[in-house]
Amino acid sequence: MTLAEVNALRSEAFVSAFGSVYEHSPWVAQGALARRPFASVADMLAAFSRVVQEADAKRQLELVRAHPELGHRLGVDPQLSAESGREQGGAGLDRLNPHDYAALSGLNAAYREKFGMPFVICVRQATKDVIMQSIVRRLECTPDEELHEALRQIDAIAALRLMDRVRQ
């Protein structure tokens, strides 16, 4: 879809086309809708990100919690969207050996226990080893630091998803 086509979409079509860019959170696309017309894809990305930044902490935490834990499999985890399944598959997380799966599951559990949300990272920009190292490192963060980092990672995920769908 071209940027001109994006700017011309009716409200319902816009939310339908971009409501899944932020995992299970069409409210982000609904908020970005009011910021049209977009002058560039970068402007569109910024508009979506601003909607999240301007949301209250409760809504931001709900956004993070809408993301699946890493290592879950499409067709096995009903919360795993097709996009997340492809992204995790690209990092090999759908093909973990039993040892790596157990290690990732343990790290996911420790992270969720400490922060009350799933670990989020832009898996399209990481490998299995980078992901595991990142969980260990981020377990040392404070809850505020980690919420900020999770939202930064979510913006990176959304940016790639938008760039897959929109061209200048």
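Remember, it's a predicted structure, so these values are computed and weren't measured experimentally. As a basis for the values below, the full set of heavy atoms in this structure was taken, side chains included, without hydrogen atoms, waters or symmetry mates.
Side-chain atoms of V28 and V21, non-hydrogen and from C-beta on, never get closer than 4.5 Å to each other. In this structure, F18 and M1 have side chains that are in contact, with non-hydrogen atoms separated by less than 4.5 Å. Within the 4.5 Å cutoff, the side chain of Y22 has no heavy atoms near those of the I157 side chain. For the pair S25/E62, no side-chain contact is recorded, criterion being any heavy-atom separation below 4.5 Å from C-beta on.
Evaluation of the salt bridge (Lys or Arg N to Asp or Glu O under 4.0 Å) rule for E149 yields R152 as partners, not counting sequence neighbours. Not counting sequence neighbours, the partners of R10 by the salt bridge (Lys or Arg N to Asp or Glu O under 4.0 Å) test are E12. Partners of R138 by salt bridge (Lys or Arg N to Asp or Glu O under 4.0 Å), not counting sequence neighbours, listed by chain and number: E146. When the salt bridge (Lys or Arg N to Asp or Glu O under 4.0 Å) test is applied to E140, no partner is found at least two apart in sequence or on another chain.
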message = Between L107 and I131, is the side-chain contact (heavy atoms from CB on, under 4.5 Å) condition met? List the steps.
response = CA-CA 10 Å; L107 289 169; I131 291 165; over 6 Å; no
inquiry  = One pair to check against side-chain contact (heavy atoms from CB on, under 4.5 Å): Q125 and L160. What are the steps and the verdict?
reply    = CA-CA 10 Å; Q125 298 175 335; L160 292 171; 4.1 Å; yes
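The hydrophobic clustering, which links ILVMFWY residues whose side-chain heavy atoms are closer than 4.5 Å, places M44 and M163 together.
The minimum heavy-atom distance between I121 and S134, with the atom names listed, is CD1-OG, 3.7 Å. Pairing each heavy atom of P26 with each of V15, the nearest pair is CB-CG1, 4.1 Å. Pairing each heavy atom of S20 with each of R165, the nearest pair is OG-NH2, 3.1 Å. Pairing each heavy atom of V52 with each of Q60, the nearest pair is O-NE2, 2.9 Å. Of all heavy-atom pairs between V51 and G31, the closest is CG2-C, 3.5 Å. In this structure, V120 and A150 approach most closely via the heavy-atom pair CG1-O, 4.3 Å.
To the nearest 0.5 Å, the span separating NE2 on H148 from OG1 on T142 amounts to 10.5 Å. Atom CD of Q30 is separated from atom CZ of F14 by 10.0 Å, given to the nearest 0.5 angstrom.
Legend: salt bridge (Lys or Arg N to Asp or Glu O under 4.0 Å) pairs involving residues 99-121, not counting sequence neighbours, sorted by first then second residue: E69-R112, D100-K128. Residue pairs satisfying the salt bridge (Lys or Arg N to Asp or Glu O under 4.0 Å) criterion with at least one member in residues 45-54, sequence neighbours excluded, are listed as follows: R35-E54.
With N108 contributing its side chain and L70 its backbone, the two residues share a donor-acceptor pair below 3.5 Å. Without hydrogens or angle criteria, R59 side chain to W27 main chain gives no donor-acceptor distance under 3.5 Å.
At a threshold of 4.0 Å, the pair E83-R124 does not count as salt-bridged, since none of the basic side-chain nitrogens sits closer than that to a carboxylate oxygen.
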